Amino acid sequence: VAEAWANSIDLHLDVAGTRVRNGLESALREAIRTGRLHAGTRLPPSRALAADLGVARNTVAEAYGQLVAEGWLAARTGAGTWVTRDPLPARQPPVTPVPETAPPRYDLRPGVPDLSAFPRREWLAAARAALGAAPDHVMGYPDPRGLPQLRTALAAYLARTRGVSAAPGRIVVCSGFGHGLALLCRLLRARGGDTIAVEGYGHRSHRRLAESHGLRASPVRVDGGGAVPAELGTAAAALLTPAHQFPLGVTLRPQRRRDVVTWASDTGGLVIEDDYDGEFRYDRQPVGAMQSLAPEHVVHAGTASKSLAPGLRLGWLVLPDRLVDEVVAVMEAFPSSLDQLTLAAFLTSGGYDRQVRHARLSYRRRRDRLLATLHRRAPKVRVTGIAAGLHALLELPGDRTEDDLIARAAGHGLAIDGLASYTAPGQRHAPALVIGYARPPDHAFTTALARLCTVLK
Ligand SMILES: Cc1ncc(COP(=O)(O)O)c(C=O)c1O
């Protein structure tokens, strides 16, 4: 009996009045009428529902029988009892259809890698291995800094591949870079900071995030050598993309990296190094992380959004020692332990390295094709920011506007972005497109590229 009860389902019913059977019938009718129980929903066996409601089994059986007679339910021996009717249309609240915008057929907007290349099989194998080997306590409330297994694996990986000075104790695992940035903004506000310097070109969402935490986002000029350190002023923090400026694609010059670190140590300002695509460098050795110059002044922030997939919502902060507890104190949520375990297993098994190396090869080939094709078919377009990352900047000849090209591309089923949408207020820019060449699946890349050339011609 206990087994049958346990295999049943939960059903919330407000059984009102003193006559239990009538009350139960009304509650079931009401649940069907209002659409809480849809046609096809299987009801619990009478014995199980009787036990849940604390009434006699016969009472439930009789109520079911009455509703079968009225046509609300159907029953067959061995198959149970189920709802036959959908809610009465008259009682339905009017449904306003949500207009669905079809995703563009071809998408060359930056920010998302090729999702069809997500290593499903390897990720599943890592999840299986990790969950199989994990002790029970891993399923309890996790360490808010992140599971020790993952912080240890990340410390080794970041030190080896990015030169980060990363002891596991200074790592905090978070739900992607956006979450990490939100935590840091909260911390800056809690310490009385009021301004965060941001690059004059970057994600509007990051500027808005800072503003939603009560910080003023103050744009800093960016030129061919990256952000200009002299403009950091008295900000409480500086959010920078030193390895590969987003979206211009330039690298922060070595002297400027040193100047930024000097600014931090002189003013007490915190540097947030957004290393969103640091693994993808094509022309030479990856530029090492800036954090290693001054681990007590620079937060190194990384994410699995480009190397694996943004849907994982996994990222990490490598913090100055003195800030770890303060960040933990403002944490409101952390990623699932199962995902953390899987990423740890994926890193230690070498799966992450293999994935990054395959992706790097594939994206490099795409970048080369983009360059060669544009050279041939749109020679007036100057392509920059191509030494690294998953996007390129296409500087437009004087007679073209971003809006015109974006509209023409839309007419060809192709989504593209202009630099204007990444430009902070008050910053000037020449017309350009920011093309994310990693995004289409392999089979769509050729056509996407051909359509881009048609639009640019
Ligand atoms: C500049 C920059 N930073 C960070 C990210 C990653 O953000 P998240 O880890 O929240 O997905 C992106 C992704 O588009 C990005 O372009």
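Please read all numbers here as calculations on a predicted model, not as lab measurements. When a ligand or atom number is given, it counts from 1 through the structure's own listing order.
A distance of 6.0 Å or more separates the ring centres of His412 and Tyr106. A centroid separation of less than 6.0 Å is found between the aromatic rings of Phe177 and His206.
Between Lys380 and Asp399 there is no salt bridge, since no side-chain N of the basic residue sits under 4.0 Å from a carboxylate O of the acidic one. Residues Arg204 and Glu211 are not paired through a salt bridge, judged by the lack of any N-O separation under 4.0 Å between the basic side chain and the carboxylate.
Contacts classified as ring pair (Phe, Tyr, Trp, His ring centres under 6.0 Å) and involving residues 288-309 (residues at least two apart or in different chains) are not found.
Closer than 4.0 angstrom to ligand 1 lie heavy atoms from Gly111, Gly176, Phe177, Gly178, His203, His206, Phe246, Asp274, Tyr276, Thr303, Ser305, Lys306, Arg313.
The shortest distance between side-chain heavy atoms of Pro110 and Leu390 does not fall below 4.5 Å.
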